[in-house]
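Please read all numbers here as calculations on a predicted model, not as lab measurements. Note that these values count all heavy atoms, side chains included, but never hydrogens, waters or copies made by symmetry. Below, chain A is the first sequence line, B the second, and so on; all start at residue 1.
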Amino acid sequence: MMDRYTLWQRIGIYAGIGVFLTFILLPFFEMFMTSLKPLNHIFRSPYQFWSDDFSFDAYTRMWERVPNLGRYIWNSIFIATSVTILAMIVIVPAAYAYARLDFPFKTQSLGLFLSVNMFAGAVLLIPLYKLMRQLGLLNTYWAMIIPGVAFLIPTGIWLLRGYFEKIPKEMEEAAYMDGASRLYTLRRVILPLAGPGLVVVATTVFITAYAQQYLFAVTFNSDGKLHPLPVGLLQFIGYQNVEWNMMMAAALTGITPVLLVFLFLQRYLVAGLTAGAVKE
Amino acid sequence: MATLELASITKDFGAHKVLSGIDLAIRDREFVVFVGPSGCGKSTLLRIIAGLEAATSGRILIDGQDVSDAAPVDRGISMVFQSYALYPHLSIFENIAFPLRVARLPEAEVKAKVARAADILQLTDKLALKPGQLSGGQRQRVAIGRSIVRNPKVFLFDEPLSNLDAALRGEMRVELSALQRDLDATMVYVTHDQIEAMTMAHRIVVLNKGRIEQFGSPMELYHHPATRFVATFIGQPNMNLIPATVAGTGAEGLTVDFHDGTRMTLPVDPAGAHPGDRVEVGVRPENLRLGQGLAMRLRVLERLGGTTIAYGMLADGLKLCAALPGDTTVHEGEDVGLTFTPADAHVFDAQGRVMRRRQAPALAA
Amino acid sequence: MATLELASITKDFGAHKVLSGIDLAIRDREFVVFVGPSGCGKSTLLRIIAGLEAATSGRILIDGQDVSDAAPVDRGISMVFQSYALYPHLSIFENIAFPLRVARLPEAEVKAKVARAADILQLTDKLALKPGQLSGGQRQRVAIGRSIVRNPKVFLFDEPLSNLDAALRGEMRVELSALQRDLDATMVYVTHDQIEAMTMAHRIVVLNKGRIEQFGSPMELYHHPATRFVATFIGQPNMNLIPATVAGTGAEGLTVDFHDGTRMTLPVDPAGAHPGDRVEVGVRPENLRLGQGLAMRLRVLERLGGTTIAYGMLADGLKLCAALPGDTTVHEGEDVGLTFTPADAHVFDAQGRVMRRRQAPALAA
Amino acid sequence: MTLVADGTAAPQRTRRKALSDRAFAWILIAPAVLFIVAIVAWPLVETIRLSFTNASLAGEDYVGLANYEKLFQGGKFTEIIVRTFVWMFFSVSLKLILGLIGASLLMAAVPGQALFRILIMPPWVIPIAMGCLGWLWLFNGDFGIISGVAQAIGLTDGPFAFLAYRNSAFWAAIVTDAWVGTPMVTLFFLAAMQGVSRDLYEAAWVDGASRWYRFRRITIPQIMPVIVSMALMSAIWTFNSFEIIWILTQGGPRGGTTTMIIDTYKVAIANLQFGEGAARAVIIVIMLALFSLLYLWVLGRVNRKYGVK
Amino acid sequence: KDVHYIMCGDERQAEKDSVAAFEAANPGIKVNLEFLPWGTCSEKAMQMAAAGDPPALAYIGSRFLKQLSKADQILPITLTPEQEAAYQPGILSTVEDGGKRWGFPHAFSNKAMFVNCDLFEQAGLDCKVPETWDEMKAAAATIKEKTGVAGIGIAGKDFDNTMHMFLDFLYSNGGTVIDTVTGEVKFDDVPARETLQLYADLVPVMAEGATALERGNLQALFEDNKIGMYVTGPWGMGQHAAKNYKAGPVPHGPSGGSGSILITDSIAVFKGSGVEEEAMKLAAHLTSGASQYSLDAEWGLPPIQKYEEMGMTDLYYQKPEWALFLATTPTGKPEPMVYNFASLQAVFTDMIQGVILGEITDIDAAVTEAAEGIKAIQ
Ligand SMILES: Nc1ncnc2c1ncn2[C@@H]1O[C@H](COP(=O)(O)OP(=O)(O)OP(=O)(O)O)[C@@H](O)[C@H]1O
Ligand SMILES: Nc1ncnc2c1ncn2[C@@H]1O[C@H](COP(=O)(O)OP(=O)(O)OP(=O)(O)O)[C@@H](O)[C@H]1O
Ligand SMILES: [Mg+2]
Ligand SMILES: [Mg+2]
């Protein structure tokens with residue numbers, strides 16, 4: 001379109017984006033600054049943006065201070081990945097059923113599914129704990145994976161259903177005409193076609209699973225080796241000191257993997273939301 | 001290769017009756033086209049034949065065998081969809097090979113069959129591409145390729161050309177006709193484009209509101225439309241309908257009075273008509289010519305080269321359309337007279353039924 | 001109400017030259033249609049006129065005033081989009097009133113203007129509805145309504161009918177022609193449907209690869225195509241092109257030899273032709289008739305009622321098409337002879353340029 | 001594949017097909033149903049049951065509606081409900097406004113656009129608890145950057161501890177919650193805006209509509225259904241948002257940031273009064289259900305009003 | 001047998017070694033030692049108990065023992081006469097209820113006042129720990145006036161620390177919350193009013209945003225010369241080792257002598273773990289002489305047992321700076337024992353924050369109301 005921005009509009013846009021990004025990134029900046037400060041300099045006012053004793057020390061020392069740190073980061077990734085895989089295994093068939101098949105109580109049950117979003121894990125914590133105990137899952141990865149999966153299923157179904165609905169019905173009918181079974185069609189036609197949708201949903205599930213690892217881990221797991229990063233970070237809180245610089249360094253280090261995943265897939269994600277989610 | 005019979009097929013969607021009492025017998029190697037306005041049930045009927053949709057009642061016989069309950073693949077039919085339904089993630093080769101893969105044919109056989117289909121459809125050098133890299137007409141051919149590798153007894157097409165532009169549509173029309181002859185196949189073809197119907201069909205089924213209005217060859221429909229609906233639906237531009245009153249009946253036919261007072265005797269079977277009855281006289285634009293007769297003011301002229309289509313209005317507001325020779329020198333806004341040969345007229349009674357024409361042209365083929 | 005001049009307009013998208021050196025003068029009250037194959041730059045040129053896109057170079061004058069840098073609203077143009085671009089959340093009334101609301105006209109004036117437009121377009125009883133509740137043709141009229149309330153000097157249309165079905169398209173074509181006359185407006189209309197171009201335009205611009213191939217009245221283009229491209233683009237079915245070799249030139253015209261040995265003298269201006277030159281002889285299907293001449297095997301017949309289109313092949317594989325009278329009794333697979341009057345022939349040299357015909361029909365209007 | 005919708009009049013064969021389709025559908029959704037029943041539905045039923053008992057560390061006895069009665073005595077709980085809705089209202093509004101502004105800015109075709117779109121995502125991507133740690137620092141009066149900069153440029157003449165006062169802590173929690181939620185809202189709005197046909201803008205521009213006019217009369221109505229959807233989803237998340245307030249203020253000072261979920265957690269988990277906590281949880285669920293019904297009603301109207309199919 | 005033991009804080013080598021020694025001495029018992037972060041560990045153990053899946057034993061604030069015993073979740077302990085005799089006086093009272101002892105005290109601390117000599121000198125004061133509230137108020141006011149920096153740091157966040165610091169001052173004014181003998185609520189009395197009034201008086205000179213401050217923040221502020229004084233435990237000696245500070249007993253108010261809160265954490269043995277006997281054994285082992293000493297030494301806490309009497313020498317607390325904390329231990333008083341400590345804490349926090357935020361102006365009424373609240377919890 002020829003409707004170009006004037007110089008002032010352009011400046012305004014960049015200024016606006018600048019302010020917006022400042023708001024978004026400020027905490028990360030603060031975390032980064034903190035990670036650079038030596039422990040005895042962390043609490044020093046007035047606020048300093050730079051001082052000679054800033055260094056990347058914390059990034060090396062944190063591995064010694066909490067020897068399991070690497071393990072925690074790995075746990076986080078492992079748990080999020082497992083949640084994603086398990087959730088997708090459950091979500092894909094269900095989303096397909098809701099997109100394509102007719103069965104009694106279809107809309108009602110979908111509504112019930114979606115209403116799961118109304119329950120915070122915190123509200124159901126005690127009964128969940130009992131359940132985990134009865135199933136013998138306490139202090140295993142499963143205790144952190146399974147509740148995570150359950151709370152992500154509804155949104156996943158809802159998102160993926162949108163993609164499945166976008167696949168022309170004729171694709172399936174054509175395969176059906178050729179004698180392909182439902183599973184064959186699902187495998188050879190539907191899933192490849194829903195590829196971008198699967199990426200979007202899986203990424204969303206992964207990110208959410210990564211972001212919400214605190215409550216279940218703290219409650220259902222007491223095995224120090226299995227903790228995800230957000231819980232592992234608490235180890236920087238000592239009896240006498242909180243090692244803020246190392247904690248922030250560890251936090252920033254720990255979020256890099258997921259940021260990388262996101263960076264890699266964000267193209268699909270933004271485009272994918274246009275295609276799938278925003279249909280209503 | 002096969003005959004196809006439909007016996008009193010009906011279809012309801014809930015309370016909505018979409019098809020009622022469809023009886024149809026399609027001959028071996030016949031090219032039958034379903035036409036009709038949007039929503040009349042063409043696609044539904046085709047899908048019932050394909051087995052994609054279950055009929056509410058009625059039976060389907062292919063080669064005399066009842067296949068009403070058979071799965072599509074067991075009916076020996078194949079179908080080409082309006083959207084082509086190509087698999088964008090598979091190569092052209094794999095698209096065409098899809099039915100063979102489903103049937104788990106050995107690789108060599110798959111290769112041979114796909115090669116043959118590709119050869120027929122001139123797709124041999126495109127086999128490695130993806131559907132997204134092909135033009136509309138080529139995609140159309142891939143869809144056909146997928147349907148012929150299985151050697152079905154009956155081919156079904158649902159508006160296969162409607163996504164193509166005019167020039168390509170004309171081309172594909174010719175190709176499809178040739179293909180039908182080459183494959184010696186029975187084909188059922190759905191369209192709402194009556195030019196396609198007229199040019200391709202051996203016989204045409206005109207559907208309206210879930211019923212068959214008429215089933216016959218194109219020329220039969222053109223010259224002997226059974227109803228007012230068929231008459232106006234077939235032929236482009238549409239047939240003009242001029243209201244008139246029956247003045248009398250006789251051996252030469254029906255005598256009618258037009259609103260402007262003109263009286264004319266038309267050579268049709270006047271059975272059941274009584275003086276004073278209101279009828280409509282149908283005249284195709286191509287049967288109107290300049291001359292003493294209906295006085296029309298020209299509104300718009302469309303000069304197509306070989307012909308000029310003249311749109312205008314009679315004094316009483318009735319819109320008429322005439323196809324005049326391309327070299328006619330008339331102007332928009334001019335008043336002209338239009339006349340026609342009585343033998344070219346169709347007459348419809350108040351219920352829209354035709355009165356049989358006596359001097360219709362001999363039917364081709 | 002306005003003239004429109006384009007002076008050496010060019011447009012590049014990056015390295016891709018889409019338009020090169022477009023010069024065009026459109027008269028007051030003229031209905032000009034841009035046609036051309038897909039991607040030739042029609043829409044781009046229209047959008048440059050509208051001001052939606054900036055030309056890379058060149059100037060646009062409306063009523064003699066340079067508007068190259070003016071915003072769309074200041075050019076006094078209005079535009080109807082292919083998608084209609086109706087606002088789905090606004091009522092028909094508000095859709096039509098949109099430009100007036102933007103201009104902050106008083107309520108009473110808005111009401112009056114919308115009412116007038118709705119009246120012209122027969123939308124008065126639909127004003128309270130939403131676009132989603134209208135049929136395709138009605139939406140089209142709403143889009144036109146929105147463009148006329150502003151009293152623009154020039155109307156621009158980008159394929160406004162391409163989303164409609166055939167019957168409706170025919171109807172709207174007539175209505176648009178009538179509207180243009182009623183409003184006495186200058187209109188520029190883009191289409192790739194040559195029937196629309198031929199029937200509606202006062203003059204047609206044929207675009208090809210970003211250049212103007214020819215600019216002239218429909219009959220001029222039909223009878224005097226300037227190039228091989230225009231000749232095959234205009235006319236349906238397409239003109240047949242038969243390769244031939246120049247045998248000699250003379251006062252009566254150009255003598256050519258066809259591949260089957262037939263020799264013919266065609267009444268065209270042979271300037272620049274030398275014996276032995278390869279040329280193409282163009283003959284429109286409607287100018288071919290049965291008779292002694294080119295020997296063709298009929299492949300497919302399309303019986304349209306008034307005419308029968310015969311598709312076939314010469315012995316050397318050249319595909320030909322002839323429009324024969326509807327009552328011709330030929331059959332598919334039959335061998336027939338085809339002939340034509342030399343005066344109907346067009347001759348194109350190896351560069352695709354036409355040789356001027358000497359006995360072309362008088363041009364209409 | 002399409003099924004006969006009404007089973008009653010259909011002949012035998014269609015019914016058979018429908019049945020097998022049904023069975024297939026049930027097989028497909030069975031795992032999902034199983035998960036939800038086990039992990040959500042059963043605990044929910046258990047929570048409802050607990051709400052009629054005095055369950056605590058010491059065991060449980062049936063007490064009827066006593067928990068509910070106690071809840072509504074004294075008006076303290078009503079105060080918390082009101083605060084929760086105020087918190088939800090402001091937080092959701094802030095997210096929507098920021099999301100709209102952000103999405104509009106990111107729609108602008110300026111160089112760097114792609115990079116900016118990536119840069120707004122981190123808050124969504126990282127664990128909420130970690131983001132909150134960052135904000136905890138930012139809000140610190142003596143050592144935080146906000147107070148620090150404010151002092152440096154003379155906005156305040158001493159340190160200001162945002163989390164120390166009812167109002168500022170309440171707003172700090174809102175800002176943090178908005179920060180967590182804004183990227184996702186922005187992303188959805190961005191996607192919705194990209195879905196608006198360019199033709200509509202061009203048509204309006206040809207008619208002389210300014211950018212602002214186009215935003216107001218085209219963009220907003222066109223994405224209205226998405227705005228409403230996001231409003232509900234954010235509202236539910238915000239309502240249930242626990243970690244943010246817990247990490248920043250633990251509901252203080254003096255209950256100034258205690259929302260229903262914080263209150264429930266304090267009672268049920270910190271105080272180990274499961275029965276009373278369960279009653280609170282049940283009230284939350286009822287409120288959200290009512291809220292969702294209201295929303296669905298609004299969404300229906302919006303969809304109709306804005307002509308979306 | 002598998003014995004699950006929940007310990008608080010980051011990993012302590014001393015505790016690990018003791019556990020290892022125990023395992024070596026008791027083949028067949030495997031100890032699953034888990035360190036959980038402060039702030040979640042006690043809660044975690046109690047939640048597990050509530051869900052019917054208790055750990056075998058857990059390190060827990062003694063203040064929770066009453067609640068756990070009432071709920072029949074933990075077992076009473078029995079001490080041998082030597083064990084009993086080993087504890088410093090007053091320690092065992094923190095785990096007693098209804099005539100039984102409910103946990104093995106495992107860590108203990110008391111508090112003192114730390115003053116920042118740099119700031120005192122800047123304000124033109126002698127660096128000396130104030131002995132009375134009046135002196136303290138005057139010093140704080142002077143520092144605030146002369147240096148612009150807060151005179152004193154008071155904790156006011158929703159955190160256990162807030163109540164603890166208040167109790168330090170209450171106990172230094174002869175106040176009582178609940179009579180340990182009769183169980184009567186004694187809070188609604190003059191000492192409490194005076195203490196609350198003290199807080200009100202200090203508001204203008206205390207560190208800004210006190211309602212958002214807890215122990216860690218105060219430590220940082222002190223270290224950064226942002227507060228003139230504050231009350232903290234013996235760990236302050238380590239944390240402020242590089243600073244020019246002085247420490248002394250908590251200043252006393254008009255109605256009593258200096259004192260401080262005496263906090264113990266204990267090892268509680270849970271009922272229903274199936275390994276109660278082994279757990280008892282382990283708890284006894286961990287709290288016996290050498291094991292207990294090494295933990296105290298590593299953590300830097302006041303000695304919980306009489307190590308000299310056990311014949312140990314070269315003790316860490318024989319360094320001169322420890323004199324203060326050793327000397328003030330006998331003046332300490334335990335936390336009030338109630339069935340629901342969280343609720344008790346909420347009452348205190350609410351009252352204190354009310355005063356700091358200026359929302360409470362009627363001190364009398366506030367104390368009376370708080371006393372009512374405490375009674376309701378009992
Ligand atoms: N699955 C369905 N459920 C309910 N009604 C249906 C369904 N499929 C089709 N219909 C209805 O059946 C009627 C016939 O539809 P059908 O698709 O057969 O029409 P058509 O003749 O193919 O029209 P078109 O030319 O537009 O393709 C329509 O009124 C349609 O609304
Ligand atoms: N914004 C753009 N950026 C780059 N190339 C463009 C852009 N818009 C159009 N083009 C290119 O310019 C050429 C002309 O496009 P234009 O839309 O004008 O064609 P058209 O004649 O209208 O075709 P159609 O009949 O398909 O609408 C095409 O090759 C197209 O790919
Ligand atoms: Mg159809
Ligand atoms: Mg175009």
Okay, B:I234 and chain C: the region with an atom under 4.5 Å from a heavy atom over there is neither

Identify the heavy atoms of C:V300 and B:A178 that sit nearest to each other, and give their distance. CG2-N, 4.3 Å

So what's closer than 4.5 Å to chain B heavy atoms on C:Q194: side chain, backbone, both or neither? neither

Side chain from CB out, backbone as N, CA, C, O: work out which of these in C:I309 comes under 4.5 Å of a heavy atom of chain B, or both, or neither. neither

So with a 6.0 Å cut-off around CZ of B:R299, is the heavy-atom count from everything else above 12? no

Working to the nearest 0.5 Å, report the span between OG1 of B:T308 and CE of C:M198. 9.5 Å

Residue list, side chain to side chain donor-acceptor pair (under 3.5 Å) with C:D158, at least two apart or on another chain: C:S43

Give the member of C:R181, C:H192, C:M200 that has the highest number of heavy-atom pairs under 4.5 Å with chain B. C:R181

Show the numbers, then the answer: is there a side-chain contact (heavy atoms from CB on, under 4.5 Å) between B:R173 and C:E302? CA-CA 9 Å; B:R173 228 155 61 193; C:E302 288 189 354; 2.8 Å; yes

